Amino acid sequence: MSILWLVLVAAVFCGYFVLEGAVIGLGVLHPVLGRSPGERARTVTALGPLMLAGEVWLVALVGLLFGVYPQVEGDVLTGLHPIVVALLVAWLLRDAGVWFRRLSGGPRRQWACDALITAGSLGLALAWGLAFARYLTGAEGAAATRAGAVLGAVIAALLAVHAAALTARRLPRAAEAVRRLGRLGHPAVTAALVTLASLGTTGSFAPHLLDNTAPAATLAAMSWVILPIVPFVAGAQWWAWRLFLRPAPPSDVPAFF
Amino acid sequence: MEALDLARLQFAVTSSLHFMFVVLTLGLAPLVAIMQTMHTVSGRGVHERMTRFWGQIYLINYALGILSGLVMEFQFGLSWKGLSHYAGDVFGAPLAMETMGAFFLESTFLGLWIFGWHILPKRIHLALIWLVALTAYISAFWIMAANSYLQNPVGSREEDGRLVLTDFSALLTNPHFLTSLPHVVGAGFMTVGFGVTGISAYHLFRRTRDRDLFLRSLRIGVVSAAAAGLTTFATGHLAPGYVEETQPDKFTGPPVEPTMNGMLLIGDLLTAFAVLVLLPMLVRDRLARARWLHPLLVALIPLPYAASVLGWVVRELGRQPWMVYGELTVADAVSPVPAETLALSLTAFTIVVGLLTVTDHVLIARSAARGPADVVLGAPAAGAEMPAPSPAPLAEPSEGDR
């Protein structure tokens, strides 16, 4: 039973980086993909629907951690306190930029929202870099911050390539970037890279997680409620990503963002 | 201030802001679903315009519901590590059920609803908004079950210095849960009822072109406010009985007593006003013609929000000094992080969530004031203002996508 829950947690962790990673990557690429106001609107129209289906994976991950590994959840979030706060602030600003862009009116406010989207996405990548650097190297202080900044830049670059590959069929400039990048720019390749990196991280955590699994009675209660819903979640997600990654111009998707 | 005070203040600020968006979501999601159902059945334009106008307000509100909710979820681990260590084996389960079993679907379905407009078949698109409303209610169910456990920890016992789950069904038959859930839902419909009534009155007063839309909305708003007012009243006045047994001092003491009286005063007066004045005035559209009353209806919009937040404060303050009532104090639950770290997160979250809340309410007010002619949600061709090389037809192929 505890193995089954570990697999579910690992799958949600990978899902977050493969799917929401593409949304973060699109935000990082936003100034490159959208050089004119029309192109920027087009990029956000492509990004918006993906964001709602993407960011929810991290919400689910933290909820799962709380249910299955409550000790670890408390230790990790408290241990990484300032980094998690930075991650949340970056996340809120990125989302606010997307949600408010179209409704806020005037070109200057739209420019401000575009800036929030890119800065927030870079902030998310950087916060993940800092978090991984702290946990994987065990280092603290200035050395960890330097390693984290470098790792954050690597994450931002990898997710940007992944995002370009995934949306190349929808955004002309993304298609151009992917053509230049050659073979690395295939969505399957970038997704595999992101999955491997995420799996490696969960793998290094696995023994610690298994040692701290919630008692059988808690797992049993969650099994009754959560496991029957998992196929529906997977189906709804598959439907959403398929619909919003169709090889069609984003202009046929109703723009709300 | 000490770390504990900072952590408590941060929780108070962020949960009060979050709750404001939650109550509107709980009331508005089903109303928008009903409006879209009316449109699907009748095919009438006015029902479609209603769905889009109120749907857009629902969505702008929902944005901050998500964003403040993110802070809420992470905050348990950030500031209250002792809770996850001591009670996580029990309290974590309903939270995991909420995120995996409800919010995951809600967010996915919501994206499909917003961006599937004109792409998906009408009936499937209608089903999506009902699924969004249903999953929002399942979310509220689990969150209230989790909170009620903190108020009255049933179905668990202490073992080796930690609480372990002994009977999960006890969490769902907890008296603190059974009456608080309908009470919160009632607060949601009351907030939305007065909101829809006030905004409709604004447009009737201003003689906005789409009178039909606001006449119908006014009726929906008043009926919701009256029915919800009675529900909230009944469930609220049931509470003292079982609360007395489990949390004897809950409603006494200086901060709680005046807060509760404030909530009762607003709630009872608004309920009486909705049931005794507004509801009878729906006959022969008297309310719609009573222009002198319309500015008052607009002015009442914030009051149910105030009552809702006060009610939440009563529930949480009355539990002090306990995190898990009778088992774990907030002082033992707070994370062992320096006060400066918590001061930093308190400042960051208060500024960011505060500014976004103000922005969001400005956008809601603007969207509400502009009226149905200017709605972005569900607008036909997104490609109109973009230099799309080949504008796709409205009913673009959705084969394989259902």
Side-chain angles (χ1 to χ4, degrees), chain A residues 38 41-42 45 48-49 52-53 56 59-60 62-64 66-68 70-71 73-78 81-82 84-85 88-89 91-93 95-96 99-100 102-104 214-215 217-218 221-222 225-226 229-230 232-233 236-237 239-240 242-244 246 248-256, chain B residues 59-60 63 67 70-71 73-74 76-78 81 84-85 88-90 92-93 95-101 103-105 107-112 114-119 164-166 168 335 337 341 344-345 348 352-353 356 359 363 367 376-379 382-383 386-388 391-392 396 401:
Chain A
R42 205 183 165 94
T45 303
L52 280 173
V56 67
V59 179
V62 174
L64 267 183
F66 209 159
V68 187
Q71 317 279 315
E73 194 256 9
D75 290 343
V76 169
L77 292 187
T78 297
H81 197 291
V84 175
V85 173
L88 279 167
V89 168
W91 190 356
L92 297 184
L93 294 179
D95 280 25
W99 273 100
F100 297 157
R102 183 170 288 264
L103 296 162
S104 65
T218 310
M222 290 195 298
V225 176
I226 295 177
I229 297 177
V230 168
F232 293 96
V233 171
Q237 278 279 323
W239 182 18
R242 219 193 117 117
L243 183 66
F244 298 129
R246 283 166 314 155
S251 54
D252 77 328
V253 169
F256 182 73
Chain B
L59 283 179
I60 305 174
L67 299 191
L70 299 178
V71 177
E73 188 196 21
F74 282 73
F76 289 117
L78 282 173
K81 178 178 158 176
S84 61
H85 270 244
D89 291 339
V90 187
L95 288 192
M97 293 166 185
E98 191 270 338
T99 53
M100 268 310 283
F103 183 68
F104 210 143
L105 287 170
S107 187
T108 312
F109 288 141
L110 187 78
L112 285 162
I114 305 172
F115 300 101
W117 221 300
H118 307 301
I119 298 179
V164 294
L165 186 66
T166 51
F168 187 68
S335 294
V337 286
T341 310
L344 193 74
S345 67
V352 173
V353 180
L356 294 182
T359 311
L363 289 174
S367 181
V376 180
L377 176 67
M386 279 170 233
E396 240 280 315
D401 303 318

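Basis for what follows: all heavy atoms, side chains included, without hydrogens, waters or symmetry-related copies. Naming: A, B, ... by sequence-line order, numbering from 1 per chain. Keep in mind it's a predicted model, so treat the numbers as computed, not measured.
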If I compare all heavy atoms of [X] with all of [Y], which pair ends up nearest, and what's the gap?
X: Phe76(B); Y: Phe66(A); result: CB-CE1, 3.5 Å
X: Gly74(A); Y: Ser84(B); result: CA-OG, 3.3 Å
X: Leu112(B); Y: Ala240(A); result: CD2-CA, 3.7 Å
X: Ala221(A); Y: Phe168(B); result: CB-CG, 3.8 Å

If you count heavy-atom pairs within less than 4.5 Å of chain A, which of [options] leads?
options: Gly88(B), Ser107(B), Ser345(B), Ser335(B); result: Ser107(B)
options: Thr166(B), Leu165(B), Leu67(B); result: Leu67(B)
options: Val353(B), Leu70(B), Ile60(B), Leu377(B); result: Leu70(B)
options: Leu78(B), Thr341(B), Val90(B); result: Leu78(B)

Which distance, rounded to the nearest 0.5 Å, do you find between the [atom1] of [X] and the [atom2] of [Y]?
X: Ile226(A); Y: Met100(B); atom1: CD1; atom2: CE; value: 6.5 Å
X: Glu73(A); Y: Lys81(B); atom1: CD; atom2: NZ; value: 11.0 Å
X: Thr78(A); Y: His85(B); atom1: OG1; atom2: NE2; value: 7.5 Å

Output yes when a side-chain donor or acceptor of Glu73(B) lies under 3.5 Å from a complementary backbone atom of Gly63(A), and no otherwise.
yes

When heavy-atom pairs shorter than 4.5 Å are enumerated against chain B, which of Ala53(A), Pro82(A), Ser104(A) gives the highest number?
Ser104(A)

Val68(A), Thr218(A), Val89(A): which one forms the most heavy-atom pairs within less than 4.5 Å of chain B?
Thr218(A)

Kindly indicate whether the side chain of [X], heavy atoms from C-beta on, has any atom under 4.5 Å from the side chain of [Y].
X: Arg246(A); Y: Ile119(B); value: yes
X: Leu95(B); Y: Val62(A); value: no
X: Phe100(A); Y: Leu356(B); value: yes

If I measure from the heavy atoms of chain A, does [X] come under 4.5 Å with its side chain, its backbone, both, or neither?
X: Val352(B); answer: side chain
X: Phe104(B); answer: both
X: Leu344(B); answer: neither

For side chain to side chain contact (heavy atoms under 4.5 Å, CB included), just list the numbers for Leu52(A) and Thr108(B), CA-CA rounded to whole Å, side-chain angles, deciding distance to a tenth of an Å, and then say yes or no.
CA-CA 6 Å; Leu52(A) 280 173; Thr108(B) 312; over 6 Å; no

Under 4.5 Å from a heavy atom of chain B, the part of [X] involved:
X: Leu103(A); value: both
X: Val225(A); value: side chain
X: Val76(A); value: neither

Considering residues at least two apart in sequence or located in another chain, which fulfil the side chain to side chain contact (heavy atoms under 4.5 Å, CB included) criterion with Ile229(A)?
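Applying side chain to side chain contact (heavy atoms under 4.5 Å, CB included) to Ile229(A) gives Val233(A), Leu105(B).
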
Result for side chain to side chain contact (heavy atoms under 4.5 Å, CB included) between Phe74(B) and one of Leu88(A), Val59(A), Val85(A) points to Leu88(A)

Taking salt bridge (Lys or Arg N to Asp or Glu O under 4.0 Å) as the test, write out the residues that go with Asp95(A), two or more places apart.
none

